[in-house]
Amino acid sequence: MEKKKIAIIGAGNMGGAIVNGLLKSGFIASSEIYISDPKISILKDFEAKGVNISERNQDIAKAADVIIIAVKPYHFSTVAKELKPVLSSEKILISIVAGVEINHIESEAGKEVPVFRAMPNTAISLQESLTCISTNGKSIAHLDYVVELFDNLGKTVVINEELMAAATVLS
């Protein structure tokens, strides 16, 4: 499968765990991973590992093919509005933001953007996460890639979005 550049918005527990899992998995080279956070001090460890860093979400989203939003739910709308100008049907948008449904993601990001919701757990940094994924059906062409991405970080289950709240509780 074609390798894609991956951007992670948010270097907190989950965003950082995803980067660490990707680095351990060898799924893509560190130079193909981008991470952003407003706190540059958090990013320095990732930079030392060869990951591209930025304080500007839009910069890393422009450079990547896949954008994973890993922020607190109350930051989601602000981040999505910031990213909207660089999103397109060629980019894959994956939200791991708890409680933000696909229809809300689409309303913020744009209807043409392939959208997924994923619910991993912090064992993702050890490549031992069980990640639940849902999509709206319009993104089905990218499902194999998204499953492969998360399979490199543990095990993956594709579920209906209605089950995502229960999956959040379990993870």
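To the nearest 0.5 angstrom, I67 atom CD1 is 12.0 Å from S95 atom OG. Once rounded to the nearest 0.5 Å, the distance linking CG of L143 with OG of S134 reads 10.0 Å. Summarising the geometry, atom SG belonging to C132 is positioned 6.0 Å from atom CE belonging to M164; distances are rounded to the nearest 0.5 Å. Considering CG of N57 and NZ of K62, their distance stands at 12.0 Å, rounded to 0.5 Å. Note that CD1 of I40 and OG of S54 are 7.0 Å apart. Values are rounded to the nearest 0.5 Å. Here the CD1 atom belonging to I33 is positioned 13.5 Å from the CD1 atom belonging to I53, to the nearest 0.5 angstrom.
Taking all atoms of both residues into account, the shortest heavy-atom contact from I96 to P120 is CG2-CD, 3.8 Å. Here the shortest heavy-atom pairing between P73 and V97 reads CA-CG1, 3.5 Å. Nearest heavy-atom pair, E148 versus N152, reported as atom, atom and distance to 0.1 Å: O-ND2, 2.8 Å. Looking at every heavy atom in both residues, V115 comes nearest to T135 through O-OG1, 3.2 Å. Scanning both residues, F150 and T131, for their nearest heavy atoms gives CD2-CG2, 3.7 Å. The shortest heavy-atom contact between P85 and Q58 is CG-NE2, 3.7 Å.
At a threshold of 4.5 Å between non-hydrogen side-chain atoms, the residues V157 and I133 do not count as touching. In this structure, the side chains of L93 and L87 come closer than 4.5 Å at one or more pairs of heavy atoms. Side chains of M14 and T122 form a contact here, defined as non-hydrogen atoms less than 4.5 Å apart. Within the 4.5 Å cutoff, the side chain of V146 has heavy atoms near those of the I94 side chain. Side-chain atoms of K155 and S129, non-hydrogen and from C-beta on, never get closer than 4.5 Å to each other. Side-chain contact check for S88 versus E112: every heavy-atom pair is 4.5 Å or farther apart.
A donor and an acceptor atom, one from each side chain of T156 and D151, are located under 3.5 Å apart. Side-chain contact of K49 with N20: a donor-acceptor pair under 3.5 Å is present, judged by distance alone. The closest side-chain donor-acceptor pair between Q127 and S25, if any, does not fall under 3.5 angstrom.
Because its NZ or CZ atom is both nearer than 6.0 Å to the ring centre of F27 and within 45° of the ring axis, K3 counts as a cation-pi partner of that residue. At least one cation-pi condition fails for K5 and Y34: the charged atom is not both under 6.0 angstrom from the six-membered ring centre and inside a 45 degree cone around its axis.
Panel note: side chain K91, backbone A61; a donor-acceptor pair is recorded below 3.5 Å. Side chain of N52 to backbone of I35: no donor-acceptor contact under 3.5 angstrom is found. Although no hydrogens or angles enter the test, the distance criterion places no donor-acceptor pair under 3.5 Å between the side chain of S139 and the main chain of F116. The main-chain N or O of K39 is found under 3.5 Å from a side-chain atom of D37 such that the two form a donor-acceptor pair.
Hydrophobic clustering of Ile, Leu, Val, Met, Phe, Trp and Tyr side chains at less than 4.5 Å, counting indirect connections, unites I18 with I28. In the hydrophobic clustering of this structure, I69 groups with I60; members are Ile, Leu, Val, Met, Phe, Trp, Tyr whose side-chain heavy atoms approach within less than 4.5 Å, directly or through other members. In the hydrophobic cluster analysis, where Ile, Leu, Val, Met, Phe, Trp and Tyr join through side-chain heavy atoms closer than 4.5 angstrom, I140 is grouped together with V158. Hydrophobic clustering (side-chain heavy atoms under 4.5 Å, transitive across Ile, Leu, Val, Met, Phe, Trp, Tyr) groups Y145 together with I68. Residues I8 and L149 share a single hydrophobic cluster, defined by chaining ILVMFWY side chains whose heavy atoms lie under 4.5 Å apart.
Atom NZ of K24 has more than 12 heavy atoms from other residues, nucleotides or ligands within 6.0 Å. Heavy atoms from other residues, nucleotides or ligands lying under 6.0 Å from NZ of K111 number more than 12.
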Full working for side chain to side chain contact (heavy atoms under 4.5 Å, CB included) between D65 and I6: CA-CA 6 Å; D65 306 301; I6 300 173; over 6 Å; no

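R117 has a carboxylate O that lies under 4.0 Å from a charged side-chain N of E161, or vice versa, which qualifies the two as a salt bridge.
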In residues 100-107, what donor-acceptor pairs under 3.5 Å come from side-chain atoms, sequence neighbours left out?
{"from": "E106", "atom 1": "OE2", "to": "N136", "atom 2": "ND2", "distance (Å)": "2.2"}
{"from": "E106", "atom 1": "OE2", "to": "K138", "atom 2": "NZ", "distance (Å)": "3.2"}
{"from": "S107", "atom 1": "OG", "to": "H104", "atom 2": "O", "distance (Å)": "2.8"}

